[in-house]
Amino acid sequence: MIKITLPDSSVKEFPDPVTSLEIAQSISPRLAKEVLSATVDGETWDLTRKITKDATVKLNTWDDREGKETFWHSSAHLMAEAIEFFYPGTKFGIGPTVDTGFYYDIDLPDGQQIAEKDLQEIEKKMLELARQKNDIVRKEISKGNAMEMFTQKNDELKQELISELEDGTITLYNQGNFTDLCRGPHLPNTGYIKAIKLTFIAGAYWRGNENNKMLTRIYGVTFPKQKMLEEYLIMLEEAKKRDHRKIGKEMELFTFSEAVGQGLPLWLPKGAQLRMQLEDFLKKVQKMYGYDQVITPHIGDVKLYKTSGHYEKYGKDSFQPITTPAEGEEYLLKPMNCPHHCEIYKAKPHSYKDLPLRMAEFGTVYRYEQSGELHGLTRVRGFTQDDAHIFCRPDQLKDEFKKVIDIIFIIFKALSFDDYTAQISLRDPENPAKYIGSAENWDKAEKAIIEACEEKGLNTTTEKGEAAFYGPKLDFMIKDALGRSWQLGTIQVDYNLPERFNLEYIGADDNRHRPVMIHRAPFGSMERFVAVLIEHTAGKFPLWLAPEQAVVLPISEKYNEYAQKVSNILNNSDIRTVVDDRNEKIGRKIRDNELKRIPYLLIVGEKEKDEETVSVRRQGEGDIGLQQIGEFARFVADEVKGQLSGLYN
RNA sequence: GCCGGAGUAGCUCAGGGGUAGAGCGCAUCCUUGGUAAGGAUGAGGUCACGAGUUCAAUUCUCGUCUUCGGCUCCA
């Protein structure tokens with residue numbers, strides 16, 4: 001008998017050997033049906049693998065990440081089996097799982113290609129193979145045998161993978177006519193897979209290296225129930241409807257022009273209105289937190305970026321310097337604001353009493369992004385950071401860091417981003433060449449971030465190797481209304497730039513000291529943030545942000561004049577109002593303006609004109625009754641205040 | 001930058017070797033209306049750009065640009 005410890009710490013005895021599937025069966029038949037894999041002493045195992053000693057066992061279902069991974073990993077094999085059926089001789093690279101689903105990188109034989117339209121055939125074959133409920137069988141194999149097998153198959157991709165594995169740890173998995181090199185784990189048989197969608201096809205470099213061969217990557221997602229696939233497809237549809245590029249065009253927020261250049265957004269009046277609203281909001285919050293606004297030019301001497309280290313790091317892959325005609329001086333389009341702000345710091349000597357100094361700027365920066373990278377407003381070549389740099393004494397660092405976290409919380413609250421996570425990005429200790437500055441300063445900076453997060457009670461994950469080259473950082477990721485994650489705000493601790501720019505302050509001891517810098521951008525970039533906001537709200541912005549807050553709809557042309565009067569009064573009360581005086585019936589005007597996502601529709605006709613009122617209709621809700629014009633103005637002002645109440649003075 | 005799609009009216013898209021279409025939008029007129037699409041008429045296109053093949057190219061070929069899905073990258 002062996003003892004199995006379950007997650008609730010209960011211990012059960014089983015005959016030796018036992019499989020996780022048998023353990024599940026002993027608990028409940030239903031669990032046995034749902035369980036997909038098991039975590040045995042911290043390692044994910046096949047359900048059918050024999051446990052021969054005392055162990056801790058966690059049973060993974062669809063609701064566990066490990067369960068889904070097992071499911072999708074087996075699905076990748078199923079896809080490979082189907083592909084091998086249609087394209088014999090295909091070489092298989094790697095077939096891992098991703099957040100939603102899986103992919104397999106394949107090398108098709110002699111110049112054959114798979115097109116989107118071929119995916120359906122493969123899906124069909126996969127379903128057919130799944131229905132056969134073929135057992136998926138694990139087999140341990142020696143390195144030599146593995147090598148021989150894939151040499152015979154002429155699959156040099158797998159040979160390369162095997163050559164890097166240690167003998168004794170190599171396993172194969174077989175199902176039907178298909179055998180793959182794989183660490184596992186896998187489902188007991190292919191019959192678990194009930195619903196399949198191959199989503200797209202793309203090129204991908206072998207092992208992610210652009211010097212390697214380009215393979216064909218096929219992405220797919222599978223589910224244990226048909227209904228789950230349907231829900232997933234509905235979600236995809238919804239995401240498509242919310243695409244900020246589509247809504248941005250519809251709502252006339254921004255545009256791009258080939259004539260201006262790719263990746264260079266043009267903000268249209270309504271988009272500019274929205275963006276300025278966000279900027280004004282953040283300015284007010286920053287004022288409350290003791291920030292000073294500064295303004296710096298869009299270009300800077302190349303030497304400035306040589307000093308900062310950015311030129312060495314990114315110069316080659318950037319927009320190249322602008323050279324002045326007569327003197328041949330070299331200027332760079334500003335790729336970031338920090339060097340300029342460092343120079344502002346240096347404009348005069350500082351006492352320890354001056355610190356912290358908080359310098360904020362909505363600074364537009366230009367970065368060369370590879371053409372294939374550009375994407376709507378989320379990835380552009382010219383964008384505006386809601387940047388600020390805090391210069392402080394080392395003893396102030398942690399407090400300042402915590403205050404920045406507070407500002408980020410205020411923003412999340414104002415915009416109802418309720419679901420967020422935070423990631424601490426540290427340096428990669430294996431790869432010190434990627435970073436500038438001393439190990440000692442890095443240690444200090446990393447410690448400050450970790451402690452500040454702990455003291456704020458922030459739930460964080462930690463990633464090594466994700467730090468910026470000059471310092472570690474804390475990034476905030478929000479989940480939008482569809483559950484998709486977006487990286488927004490960032491806070492970075494930096495001991496290095498102050499050193500490179502030789503920044504100093506005079507301490508109480510009358511000696512020169514080095515300040516510490518915090519780089520921070522709660523929105524990240526205005527472009528990206530607006531894009532996320534559009535997708536999160538589907539363009540139905542909160543009242544305080546809506547580019548047009550109210551539209552007046554005269555019942556007939558006879559009331560156009562009164563409508564204009566209402567609009568003027570409201571605009572004078574800072575309520576952004578327009579008039580729809582088209583020659584259309586009221587039903588039509590209501591429909592069109594609802595679709596334009598304007599929060600309030602004000603209908604005016606004979607009655608309203610006589611009584612100096614408006615008939616108020618709230619977007620998505622319908623008629624909410626008559627109000628005096630002034631009353632409506634206060635009503636809107638109160639609602640805006642309510643949305644931002646307590647967030648700033 | 002790399003692999004693979006796409007580019008036709010302001011928008012969404014159909015078409016196809018012989019001088020170009022729909023719906024929506026826009027304009028004008030009729031209608032003057034009460035809470036999600038009233039009617040008529042009309043304007044609007046170098047079919048992304050440049051070469052080539054052809055009697056003839058928007059259509060076929062090549063190149064360029066832009067865009068979309070990925071890959072790589074992201075201070």
Side-chain angles (χ1 to χ4, degrees), chain A residues 98 103 105 113-117 199-219 243 245-246 249-250 252 255-263 305 308-315 317-318 334-339 365 367-376 378-381 383 385 387 435-436 466-471 473 487 490 492 494 497 519 521 524-525 528 553-560 582-596 601-608 615-625:
Chain A
V98 291
Y103 65 80
D105 282 347
Q113 286 202 339
I114 294 188
E116 302 266 353
K117 59 182 186 324
T199 43
F200 43 76
I201 195 162
Y205 302 111
W206 169 234
R207 320 205 81 177
N209 184 330
E210 56 187 318
N211 299 319
N212 285 345
K213 184 169 187 183
M214 176 74 70
L215 305 179
T216 304
R217 174 172 298 182
I218 303 177
Y219 282 90
D243 190 317
R245 293 168 299 186
K246 178 175 178 292
K249 201 181 272 182
E250 269 169 30
E252 299 178 0
T255 189
F256 289 89
S257 155
E258 280 190 33
V260 172
Q262 54 177 339
Y305 305 102
S308 70
H310 290 105
Y311 189 77
E312 192 197 340
K313 199 83 188 167
Y314 297 103
D317 311 317
S318 241
K334 177 164 79 173
M336 72 249 317
N337 306 300
C338 24
V365 297
R367 295 180 185 176
Y368 168 78
E369 303 285 357
Q370 301 186 75
S371 58
E373 282 312 321
L374 301 171
H375 181 94
T378 58
R379 195 76 187 270
V380 287
R381 286 179 168 172
F383 59 97
Q385 295 177 313
D387 210 356
Y435 311 97
I436 57 170
E466 292 290 306
F469 75 89
Y470 50 75
K473 56 182 184 170
Q487 199 220 298
T490 179
Q492 309 174 356
D494 183 1
L497 282 192
H519 308 241
S525 94
R528 187 182 165 76
L553 312 180
I555 296 270
S556 83
E557 283 174 0
K558 283 188 283 189
Y559 312 107
N560 281 357
R582 291 176 306 160
N583 180 7
E584 292 292 349
K585 287 189 171 180
I586 193 65
R588 178 56 179 273
K589 291 188 190 179
I590 287 169
R591 178 183 154 82
D592 289 349
N593 286 287
E594 284 274 352
L595 291 175
K596 281 166 85 176
L601 311 191
L602 306 175
I603 291 139
V604 298
E606 188 72 32
K607 191 169 52 177
E608 290 81 4
S615 178
V616 183
R617 194 187 151 101
R618 204 199 309 257
Q619 125 102 333
E621 285 179 33
D623 197 353
I624 59 171

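Order of the sequence lines sets the chain letters (A, B, ...), proteins ahead of strands, with each chain counted from 1.
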Query raised in the report: When only distance counts, do a donor and an acceptor, one from the side chain of A:Ser371 and one from the base of B:rU66, lie under 3.5 Å apart?
Result: no

Query - A:Ala468 side-chain proximity, nearest of B:rG38, B:rC71, B:rA75 - result: B:rA75

Query raised in the report: Between A:Phe469 and A:His310, how do the two ring planes meet: parallel, tilted or perpendicular, split at 30° and 60°?
Result: perpendicular

Query raised in the report: Does A:Arg217 make a side-chain donor-acceptor contact with the base of B:rC3, cut-off 3.5 Å?
Result: no

Requested in this report: Would you indicate which nucleotide in B:rC26, B:rG34, B:rG69 comes nearest to any side-chain atom of A:His375?
Outcome: B:rG69

Report task. Look at the side chain of A:Tyr219 and the base of B:rG69, then say whether one donor and one acceptor between them are separated by less than 3.5 Å. Result -> no

Query - For atom CD of A:Glu584 and atom P of B:rG38, their distance in whole Å - result: 6 Å

Requested in this report: Can you check whether any acceptor in the base of B:rA27 is under 3.5 Å from a donor in the side chain of A:Arg582, or vice versa?
Outcome: no

Query raised in the report: Separation of A:Arg591 atom CZ from B:rA37 atom C1', in whole Å?
Result: 5 Å

Query - Electrostatic pair A:Arg617:A:Glu594 at N-O distance under 4.0 angstrom - result: yes

Report summary line: Assert: residue with more 5' nearest nucleotide on RNA chain B, out of A:Arg367 and A:Leu374, is A:Leu374

So which protein nitrogen or oxygen atoms get under 3.5 Å of nucleotides 6-14 of chain B's nitrogens or oxygens?
residue	atom	partner	partner atom	Å
B:rU12	OP1	A:Lys249	NZ	3.4

Query raised in the report: What nucleotide among B:rC73, B:rG70, B:rG34 has an atom nearest to a side-chain atom of A:Ile586?
Result: B:rG34

